[in-house]
Amino acid sequence: TFGSASAADLVVGFSQIGSESGWRAAETTLTKQQAEERGIDLKFADAQQKQENQIKALRSFIAQGVNAILLAPVVATGWDEVLQEAKDAEIPVILLDRTVDASDDLYMTAVTSDLVHEGNVAGKWLADTVAGKPCNIVELQGTTGSSPAIDRKKGFEQALSGHDNLKIVRSQTGDFTRTKGKEVMESFLKAEDGGKNICALYAHNDDMAVGAIQAIKEAGLKPGTDILVVSIDAVPDIFQAMAAGEANATVELTPNMAGPAFDALAAFQKDGTKPPKWIQTESKLYTQADDPMKIYEAKKGLGY
Amino acid sequence: MTAILRGYALRLLPQLIALAVILLMVSLVFPGFFRLEIQNGRLYGSLIDILNRGAPVVLLAIGMTVVIATKGIDLSVGAVAASSITSGHSLAMTLVITLGTGLLCGLWNGVLVAILDIQPIIATLVLMVAGRGIAQLVTEGAILTFNDPGLIFLGSGSFAWLPLPVIIWLVFGILVALIVRKTALGMLIEAIGVNRQASTLSGVLTPVLLIAAYMLSGLCAAIAGIIAAADIKGADANNAGLWLELDAILAVVIGGTSLLGGRFSIAASVLGAIIIQSINTGILLSGFPPEFNLIIKAAIIVFILVLQSPPVRNAFTFVALLRAGRKPTEGQAR
Amino acid sequence: MQPNGENLLSATRIDKVFPGARALDKVDFHLRRGEVHALLGENGAGKSTLVKCLTGAYRRDGGTILLDGVEVDPRDTFNAQKLGIGTVYQEVNLLPNLSVAENLFLGRQPRRFGLVDVGAMNRQARALLDDYELDLDVTRALDSYSVAIQQVVAIARAVDLSGKVLILDEPTASLDAHEVEMLFRIVRRLKARGLGIVFITHFLEQVYEISDRITVLRNGQLVGTRETATLERRDLISMMIGRELAAEIRSAREGQVVAGPVRYRFENYGRKGHIAPFDLDIRAGEVVGIAGLLGSGRTETAEILFGAHRADSGMAEVDGRAVQLSSPRRAIAHRFGFCPEDRKTAGIVGDLSVRENIVLALQARRGWTRPLSRTEQNRIADHYIRALDIRTADREKPIRLLSGGNQQKAILARWLATEPEFLILDEPTRGIDVGAHAEIVRLIEGLREKGMSLMVISSEIEELVAYSTRIVVLRDRQHVAALEGNRITADQIIEAIASANERGAA
Amino acid sequence: MKPKYLPLTATIVIFVLSYALCVMQYPNILSTRVVGNLLTDNAFLGIAAVGMTFVILSGGIDLSIGSVIAFTGVFLAVVLENTGIHPLAAFALALMIATLFGALMGAIIHYLEMPAFIVTLAGMFLARGMAFVLSIDSIAIKHPFYGTLKGFYYKLPGGGRISLIGGLMLLVFAIGILIAHRTRFGTDVYALGGGTATAKLMGVPVGRTTILIYALSGLLAGLSGIVFSLYTSAGYSLAAVGVELDAITAVVIGGTLLTGGSGFVAGTFIGILIQGLIQTYITFDGSLSSWWTKILIGLLLFVFILMQKGIVYASRSKQRHA
Ligand SMILES: Nc1ncnc2c1ncn2[C@@H]1O[C@H](COP(=O)(O)OP(=O)(O)OP(=O)(O)O)[C@@H](O)[C@H]1O
Ligand SMILES: Nc1ncnc2c1ncn2[C@@H]1O[C@H](COP(=O)(O)OP(=O)(O)OP(=O)(O)O)[C@@H](O)[C@H]1O
Ligand SMILES: [Mg+2]
Ligand SMILES: [Mg+2]
């Protein structure tokens, strides 16, 4: 079609945060796939978790004169200056997966899920499931200070407010990793009377939940029954756990942020259509009722 | 014999005291700390958790001790632990490939240090930077989940009421300590660490021993990597062993081995690693908000290190000598 | 002699205790204006320690120090320098990575507008070194020069720093006769200027040549202070060692040389840039002395024979069979032994105990799988500690805490323990006291009589004459002459070294 | 040429050559925009690396600088958000804290005879921990004075600019070079690197110099933190993780020996530029996977070390032949 023909000459720079988790690897893979399908020349830069590297990459993209920039910002603050530079150079910037604290005329659109909303969905599910029974919750936070950790905590707490039966009894960081998730869960179990006091686990990502599930099993309890497990991301491994009845629910964070972004970009290139400032991806809730094995098979190949 | 044992106890005394104090402190904020029970055919409790969670750092510290004794340092162990990743092979094959990778990484470091004469900190920095990249290249950044029961057993199985990782590091540590102390290796390694040139001139096979030290460290890292992977039933190249090299170095220093090489003690380093893990576990059990984790850990470590520092230590030994009232004469005692 | 009797530096009742050793026990030491005061004593007597207490390098545990009648308490060496005390310490030289000029002016660089005036500094450095007949590129790093030159630079620095007192701790150990002469000229000049000079050495001739008074220490205690002119050499020695010395040190060689079969043969052996190819045969029961000026390639010869540096030309034979001496290990396997001259960097393994240092080479040769039992190690160590009279509180003391001379003996013990058949000794008597000196000379004789082959490098020609059965003379990194039989005399050696010799001081 | 200049020269030659190679492939790299970016983007790293150079020259190491940068940033953000203090006063306060922090580490290293590696490692944990305690959120700094400071720049023809912070880095390097080679303190630093015991006997005030070195490193890390907060207009406790490794790498690439006593501040500048160039090239290329970046940087580090070894070796043997 006409749209994709003009897209063929597009050079798009993509500043990715890093490769710290399976989810992010999947996002990178999907972005590359999407670009290839559309014939876009994607310039990829990995910032290794460092904002300074992202700013450098953006500056390089600008100096290189790319047609558009995708940015998955590692942190919300500190983007005004470089975004202004991009604007001065008339290069549209699309934010992926997280937003920034900058005036919204500095970027074209943001394709993100709502991190607070994700936490909220998880919290709502839990509130509905325990239905008024008293429930002690332990929380595995993401990396201290990272925006998903802060927002997913906030959203979850919002959902809990007004439900006096739900109480977060312990909250520690599991650094988004399986190992720490397991280690921290072990100490939660010890600290809460061998786990008898715990009714539910909320993990800021699936990896930590997978680690924690093992810890629960090793403590002689049944995850999913004795302790409810709800987490966020919807990576393939959690579906396996759900199929085995060891996890209860997960909130999807789709790794395909680039698709909508490229669509918006193509529309803008074609006739100058301005996309809305925020393209929100769906935060879909999956539970054991959703045929987890099938979803696992579907997601397996995506590079998680 | 008892004299030797007493000498050993004296050497480990500061570490033992530090450990005891930390455990006591933890039990103050968390009363159930010392409780042990048997569950699923193994001991279960916070103390066991410390020994179990400490496994990777203990293993890294064992290798690191020997490397540091040669006046070296191995920054690459974390990355090597991350690269011990294979999947889709049989258990034996996986172990062979993984341990082989570790040895190979050690060989590389050793050759850079011993043959090309590059400063250890830089030589191993190369692999520290590149190693994780290679590991990610192999896994393409994803967490490889596996279901091999043998491998999983390594991570969460138990034997004689102890989790298998604990058994592994105990056996491995004792093995290394025996090999090093019952042969002349220990002394030769210390000689190299103190004065490499003089040792070479005295006929010590310096390059070979140096390479062997780094290979041991690589091997330890590989075992630590296997345990870490088996523990979570998945190989996570992105996060396995991240910053673990620093913990291992800290463990060795807390164990009283000088970064300038020379005298070393495997047992003391293992204790050092357990001390670090006790701090970590203690923080988790205490229920403080996570933003205080680092500052608590740093404060405790600084305190221990200050107690370990030569001036403070000398003051202690002086007192100890006064108490003993006579010079050590274990040699004649036999 | 015209010391005006007035004390410039007075140290009274100086105490210094190390863990496990009392190094100084209420020692008094008085230095007059305009005198050269020799500080003597056996290895480990406490000479270096006393000096370090005077200059604040060590904190003394007791006693007072008066400088010009005023009580001073130098906190550190910088403080001492400010007070006008310049020091050359034993062993420690200068900073190899700094330039010659920076070494000379460290801490007192000429400044302009608050910044170091490098041009002026270099100019002053050149002027300073003119006195020492050294024409160096003062902007070059110090380690591009030989040990001897470094030592002269260290002396030049100390002299320049010494407004009132100059302390020299074994400054002549690595200097040749010519350089010693030069040093003495300067010392006399400073003396005339009214400085007080403390001079530590084990060369008694030098003591008698330059000093006005002598203070002797033994086991950390003051034995006494005497006028040099009225002190017999014999009395001095018994003051030092606390008994009569059995025999005069330099007895002439007795008996005829027992010439065994040629055991070691080197043909056209050499290494580019180190030592020109040479031929050398060594017989059983022979002591080959190596003579030559500093930097003439003596150490290089020893190192290449021992495999510390690989030869790039020629071949080596042991007992008629060609061998590869490509590493010390190989050489040791052929029962070579080598005592290096630079004991601090190439000899001692500082943090290890005396015992471990003694058994190190033997253990290395046995391989790591066959450890010597602790009992065996103790036996060997104790044997050599007794045999060589190594002064140490016990065998488990870290060797770095021993005095310089005793470290040297421990390294000798390391090699003797391997029962070598060919032993290379590079300056074995450097920094060794008279008593031990005689013992080592006797030891060399004894080893030779047992049929061992030895190669000994020494700057003391008298000493070489005493024990060598053959002398090889080196000049400019070439083997230029060999003296045998009754041609081995000090005069002949000096002539061989000097003939057509002008030493190219870089 | 004196052998001590060889590694520096080689580094410069390599930088020029690789720059030329990059330009051949992507002519845009020659633009003033890229040159200006190189200075601005690496300003904080460069300033911190000057401090690191002094530390390494003295034979030590400072692992705390990344954490100190983060702490300074968070501190500034918190202070500016919650109080009416003028940023300049806040800067002074932050610099003072950072300097004291460095001096304290220096004092511990000297008086307690503890290895710098360990002391500064603990310092790294401590500074980052303090940042966390101040705030785990990233806090935007909206003070108008920041805008004013950012407004200062020198426009180059072709769209590039030398920003205030880029200029500051150049200034810091210039002062650093002056201190290293034209002050007694500078020579004392080299002296410590040559051997602490010897330096002490030669009258170098070892304690004072050690404390000053780490205080200087702390001061520059603090300054770097200010620059970083200008650069991002925010304070964030997770910022600048691993900057110490980047700084060490730059110092090493610049030809300074990690054992101390030999090297140049100017070399570090080239080291910074080379690292920046590599990053720019990788971004321009844009096809290398994330992990390849790490492998490539590791490889480059290796090649540089080998090359320096080679040069030193060659110059030694030449010296012998001469
Ligand atoms: N730092 C130290 N710690 C413990 N003991 C020491 C230390 N320094 C010196 N000693 C001991 O003090 C004594 C005196 O040593 P010192 O170096 O002063 O001897 P010296 O007279 O200079 O001998 P030499 O002629 O061999 O140089 C020796 O027994 C030595 O072992
Ligand atoms: N004239 C010179 N200028 C600079 N360096 C020199 C000079 N002569 C020798 N050297 C260096 O000094 C070192 C000592 O040389 P070598 O060891 O061969 O001499 P030696 O005769 O054993 O002297 P020593 O008695 O000092 O051991 C060598 O490494 C050599 O490079
Ligand atoms: Mg002495
Ligand atoms: Mg010599």
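Chain identifiers are assigned alphabetically (A, B, ...) following the order of the sequence lines, protein sequences preceding nucleic acid strands; residue numbering begins at 1 within each chain.
- Put simply, CD1 on D:Ile226 and CD1 on D:Ile69 are 11.0 Å apart, with the number rounded to the nearest 0.5 Å.
- The contact between A:Gln64 and chain D is made by backbone and side chain atoms together, counting heavy-atom distances below 4.5 Å.
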- With side-chain contact (heavy atoms from CB on, under 4.5 Å) as the test, would you mind laying out the steps for A:His204 and A:Glu139 before giving the verdict? CA-CA 8 Å; A:His204 288 187; A:Glu139 180 183 27; 2.8 Å; yes
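- Contact annotation for D:Phe44: only side-chain heavy atoms (C-beta onward) come within less than 4.5 Å of a heavy atom of chain A.
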- A:Arg38 and A:Asp263: salt bridge (Lys or Arg N to Asp or Glu O under 4.0 Å), yes or no, with the steps? CA-CA 10 Å; A:Arg38 291 169 163 80; A:Asp263 290 342; 2.4 Å; yes
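- Between A:Ile62 and D:Asn37, the closest side-chain pair of non-hydrogen atoms is not below 4.5 Å.
- The neighbour count for A:Glu37 CD, taken as heavy atoms of other residues, nucleotides or ligands under 6.0 Å away, is above 12.
- Judged purely by distance below 3.5 Å, without hydrogens or angles, the side chains of D:Asp62 and D:Thr120 never pair a donor atom with an acceptor atom.
- Side-chain contact check for A:Met185 versus A:Val138: some heavy-atom pair is nearer than 4.5 Å.
- In this structure, chain A has a heavy atom under 4.5 Å from the side chain of D:Tyr236, while its backbone stays farther away.
- With A:Gln16 as reference, A:Arg24 is the one residue of A:Gln48, A:Gln54, A:Arg24 to meet the side chain to side chain donor-acceptor pair (under 3.5 Å) rule.
- Interface residues of residues 132-150 of chain D toward chain A, defined by a heavy-atom distance below 4.5 Å and sorted by number: D:Phe132, D:Ile136, D:Asp137, D:Ser138, D:Ile139, D:Ala140, D:Lys150.
- With a 4.5 Å cut-off on non-hydrogen atoms, A:Lys56 touches chain D through its backbone and its side chain both.
- Between chain D and the options A:Ala47, A:Gly13, A:Ser15, A:Gly145, the largest number of non-hydrogen pairs under 4.5 Å is found for A:Gly145.
- With respect to chain D, the highest number of heavy-atom pairs below 4.5 Å among A:Ser146, A:Ala76, A:Gly65, A:Ser147 belongs to A:Ser146.
- Residue contact with chain A, scored on non-hydrogen atoms closer than 4.5 Å, involves the backbone and the side chain of D:Asp41 alike.
- Relative ring orientation between D:Phe228 and D:Tyr231 is described as tilted, the plane-to-plane angle lying within the 30° to 60° band.
- Contacts between A:Ala45 and chain D at a heavy-atom distance below 4.5 Å involve the side chain alone, from C-beta outward.
- Annotation: the span from D:Thr280 atom OG1 to D:Asp285 atom CG amounts to 12.5 Å, rounded to 0.5 Å.
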